[in-house]
Amino acid sequence: MNDKKFYITTPIYYPSGKLHIGHAYCTVATDAMARYKRLCGYDVMFLTGTDEHGQKIEDKAREAGVTPQQFVDDIVTAPGGVLDLWKLMNIKYDRFIRTTDAYHVSAIQKIFKQMHDNGDIYKGAYKGKYCKPCESFWTESQLVDGKCPDCGREVVDAEEEAYFFRASKYADRVRDLLMNTDFLEPKSRVNEMVNNFIDCEGGLQDLCVSRTSFTWGVPVDFDPGHVVYVWLDALFNYMTALGYQNDKYNDVEKFWPADVHFMGKEIVRFHSIYWPAFLMSLNLPLPKKVYGSGWLLLDGGKMGKSTGNVVDPYLLAERYGVDALRFFLMRSFPFGSDGNFSNELLIQTINTDLANDLGNLVSRTTAMAEKYFGGKLPEARQADHELDGSLISLASGLRGRYEEQMEKFQFHNALEEIFKVIQRANKYIDENAPWALAKDMDANGARLAAVLYNLLEAVRVCTVLLIPFMPESCDKIFAQIGADEAARTWDSAAQWGVLPAAVSVTKGENLFPRIDMSKELAELEKLQEAAKKAALPAVEIEPQLEEQVDFDTFCKSDFRAVKVKSCENVKKSDKLLKFILDDGTGVDRQILSGIAKWYKPEELVGKTLVAIVNLPPRKMMGRESQGMLISAVHTEKGEECLHLLMVDDAIPAGAKLC
Ligand code: ME8
């Protein structure tokens, strides 16, 4: 039995819209970590999934005219959905949980009841602010400029009967956990959590853990009308997916506590404060570590599905290959910090590291083995040359340096160590000048064979350690350099001379072709712009106002049918049209309207429109406007559209609309 076990999780994703490369970032990191642990011989459980309840999903489903279950099913399972994206990104998870799965739902009901029965969940009334996109409660004083401190969007008033979790009871234990252990990393996040949420004014507040104003959630079975707060529901996925409080699985004993939960920094609060407090309430062991990654930024702001500033992983994977994309994400940004995504950085990373350094090393080495030895190295060698020492010692020590970084989740540093060896190997080619040796094979053949063998070994060691990042490309490289299974293992990465002396090499396809930066940037921008447009909702209309207007106030507005006598562009304005209108009074009425973008003056003459005529006159570009024309507006594919309200010609000018 394997007693080396490793349990790692990603956050479970909200299927409220298409996932973007920012989501892929954390999952690729988790996949790389899981593959690394498997490579090291661990029995790994890698869990991911979807977090499908909550008000936001219910609202979105209503807007789309489908049930919440249909809505989430579509985003999770449809082509281009969550499951598809993980397939595309070559994410090899061991288990996928959906919080709408029946076993999870009933487990959450039991968990909620247990916490209620032990006195940690009690009934009260919630009054405060709620951010729907983040599904987070806030007090007035926590808001920043009146908006959600996490995402900067509008919050709404929330007032309802609710159950509360006695988080305050666990404040001291959670503070101790954060301050005095390695539970939360990077360490830089600890102070923020403790100062803002535990040692803040009023201390750690009890958490509202049920809602009554909507129904899309796990029902509290002993109090109909309440649904469990989505974060309590979601966080317990890490245990229900192992079989906690259900019979679907039986892995709690084997894999709990988790070795590490990976997540983006904005949800560290839930994972480092409430999650351990929930577990303390149930006397369950705590996860060993919670690690908050940084965000992928685009144009300086967080890439986010509700802001629309997203980069589509499908488009990039199709153009450059999944491995190049996975590599770029892990190589370019330190996992704990924010990173600025740009097309330029992506192409530059592919060109520099993959095409110039790794691709070149593999293709030069295999091409020379073919050219000089027909692909099969002779066993006669002149090894132990003075030029070999530094390459061999650098490559032989690589696994240790790499492991040190991987264990700290410093993926970019682990890759940096590999690339130091790759660069050294490329330099070794130049130092040994195989093309010069090849001029006199009788004298130098044995030396040339040794040089090529050393290069193949350097490639092999690096490739073993690249498996977690670029599994498919590594398989191709192994095939080219003649590495069998035994030469692809973790153990073999710390050994030199594993390839057989008479190794067979086949030069294959060029794995990472160089990209023409300026041509590609222009092309990519065009494609991304088109994709952005296509992703915009076909027709978007403004939400109706919630504030009511009383009938008497409404009746004070005087709407009339007006006939256009003349219409012209206002000089020096590209927006305004000037209308002379017959409003039935016998005196011409002049109205200016900012609609030149949508209408040519001549097409409006003779039409009967609708105007509000008792607005106070106002000056526009030095001319008086006596009222306002009424139009209908909406957004289509991101473009504002406007239609003047036109009525039947049979309606006489001056008729009152009521
Ligand atoms: O938070 N850069 O789901 P989610 C890096 N359902 N990471 C990003 C990112 C970006 N631009 N945008 C999003 C949720 N993410 C909850 C989790 S766990 C019990 C429940 C990351 O779909 C984000 O930080 O909004 C989070 O870790 C993950 O994507 C899922 O985000």
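This structure is a prediction, so every number in the text was calculated from the model and none was measured.
- In this structure, D182 does not pair ionically with K288, as no charged nitrogen and carboxylate oxygen lie closer than 4.0 Å.
- A salt bridge links R326 to D31: at least one charged side-chain nitrogen sits closer than 4.0 Å to a carboxylate oxygen.
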*Dump the intermediate steps for salt bridge (Lys or Arg N to Asp or Glu O under 4.0 Å) on R38 and D94, then the final yes or no.*
CA-CA 12 Å; R38 287 188 202 111; D94 299 289; 3.2 Å; yes
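- Using a 4.5 Å heavy-atom threshold, the side chains of I91 and V28 count as touching.
- Residue V464 comes nearest to A493 through the heavy atom pair CG1-CB, 3.8 Å, listed as atom of the first residue, atom of the second, then distance.
- Closest non-hydrogen pair, S272 versus M193, comes out as OG-CG, 3.7 Å.
- For the pair N351 (side chain) and I515 (backbone), a donor-acceptor distance under 3.5 Å is present.
- Salt bridge E509/K476: present, at least one basic N to carboxylate O contact under 4.0 Å.
- No salt bridge links D338 with K302; every basic N to acidic carboxylate O contact stays at or beyond 4.0 Å.
- Rounded to the nearest 0.5 angstrom, M89 CE and D323 CG are separated by 9.0 Å.
- L524 contributes atom CG, which lies 6.0 Å from atom CG of L316 (distance to the nearest 0.5 angstrom).
- Looking at K254 and D43, a side-chain N of the basic residue comes within less than 4.0 Å of a carboxylate O on the acidic one, giving a salt bridge.
- A centroid separation of less than 6.0 Å is found between the aromatic rings of F341 and F328.
- The aromatic rings of F469 and Y402 stand perpendicular to each other, their planes meeting at an angle above 60°, with 30° marking the opposite boundary.
- Between E407 and K37 there is a salt bridge, with a side-chain nitrogen of the basic residue lying less than 4.0 Å from a carboxylate oxygen of the acidic one.
- One distance of note links CG of L242 with OH of Y7; it measures 4.0 Å at 0.5 Å rounding.
- The shortest heavy-atom contact between A458 and L391 is CB-CD1, 4.3 Å.
- Side-chain atoms of R460 come within 3.5 Å of backbone atoms of A487 as a donor-acceptor pair (strictly under, hydrogens ignored).
- Under a cut-off of 6.0 angstrom, the local environment of NZ in K519 is sparse, with at most 12 non-hydrogen atoms contributed by other residues, nucleotides or ligands.
- Ion pairing between R447 and D388 holds under the 4.0 Å rule for side-chain N and carboxylate O.
- Just one residue in the list F419, Y320, F512 forms a ring-ring contact (aromatic ring centres under 6.0 Å, His included) with F327, and that residue is F419.
- Annotation: side chain of L296 is not in contact with side chain of L298 (no heavy-atom distance under 4.5 Å).
- Taken to the nearest 0.5 Å, the CZ atom of F270 stands 8.0 Å off from the CG atom of L235.
- Taken from CZ in F96 to CG in L47, the straight-line distance is 9.0 Å, to the nearest 0.5 Å.
- Side-chain contact between L279 and F236 is present, with heavy atoms from C-beta onward closer than 4.5 Å.
- A donor-acceptor contact shorter than 3.5 Å links the side chain of Y314 to the backbone of L85.
- No more than 12 heavy atoms of other residues, nucleotides or ligands shown are found within 6.0 angstrom of NZ on K87.
- The pair E404-R401 fails the salt-bridge criterion, with no side-chain N (NZ, NE, NH1 or NH2) lying under 4.0 Å from an Asp/Glu carboxylate O.
- Side-chain contact between R331 and T352 is absent, with no heavy-atom pair separated by less than 4.5 Å.
- N360 places a side-chain N or O within 3.5 Å of a backbone atom of N356 that can act as its donor or acceptor partner.
- With R488 contributing its side chain and A483 its backbone, the two residues share a donor-acceptor pair below 3.5 Å.
- Formation of a donor-acceptor pair under 3.5 Å by the Y13 side chain with backbone atoms of H23 is found in this model.
- With respect to the salt-bridge test (charged N to carboxylate O, under 4.0 angstrom), the residues E417 and K420 qualify.
- To the nearest 0.5 Å, the span separating CZ on R98 from OH on Y103 amounts to 11.0 Å.
- Judged purely by atom type and a 3.5 angstrom limit, T181 uses its side chain to pair as donor or acceptor with the backbone of F183.
- Between the side chain of T365 and the backbone N or O of L456, no donor-acceptor pair lies under 3.5 Å.
- A 6.0 Å sphere centred on CD of Q495 holds more than 12 heavy atoms belonging to other residues, nucleotides or ligands.
- Salt bridge status for E523 with K526: present, with a side-chain N to carboxylate O gap under 4.0 Å.
- Look at R514 and E520 and you find no salt bridge, because none of the NZ, NE, NH1 or NH2 atoms lies under 4.0 Å from a carboxylate O.
- Taking the six-membered ring for Trp and thresholds of 30 and 60 degrees, H261 and W256 have ring planes inclined between 30 and 60 degrees apart.
- Judged by distance alone, with hydrogens and angles left aside, the side-chain atoms of E457 form a donor-acceptor pair with the main-chain N or O of G497 at under 3.5 Å.
- Side chains of Q480 and L511 form a contact here, defined as non-hydrogen atoms less than 4.5 Å apart.
- Listed here is the closest heavy atom pair of V459 and T463: O-OG1, 2.6 Å.
- Smallest separation of non-hydrogen atoms from F373 and G445: CZ-O, 3.6 Å.
- Of the charged side-chain nitrogens involved, none lies within less than 4.0 Å of a carboxylate oxygen, so that K507 and E370 do not count as a salt-bridged pair.
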*Would you check, one step at a time, whether the test ring-ring contact (aromatic ring centres under 6.0 Å, His included) holds for Y453 with W496?*
CA-CA 10 Å; Y453 185 81; W496 193 259; 7.5 Å; no
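- Defined by atom type and a distance below 3.5 Å, a donor-acceptor pair is missing between the side-chain atoms of E344 and S342.
- The shortest side-chain heavy-atom distance between K265 and W295 falls under the 4.5 Å cut-off.
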*D251/R95 under side-chain contact (heavy atoms from CB on, under 4.5 Å): CA gap, chis, key distance, verdict*: CA-CA 11 Å; D251 293 314; R95 198 158 288 172; 2.9 Å; yes
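- The shortest distance between side-chain heavy atoms of D51 and N237 does not fall below 4.5 Å.
- Between Y36 and V44, every side-chain heavy-atom pair lies at or beyond the 4.5 Å cut-off.
- When each of Y291, Y25, F335, F333 is paired with F411, the ring-ring contact (aromatic ring centres under 6.0 Å, His included) condition holds for F335 and for no other.
- Residue D430 qualifies as enclosed at atom CG: its count of foreign heavy atoms under 6.0 Å is above 12.
- If you check the side chains of T27 and T10, you find no donor sitting under 3.5 Å from an acceptor.
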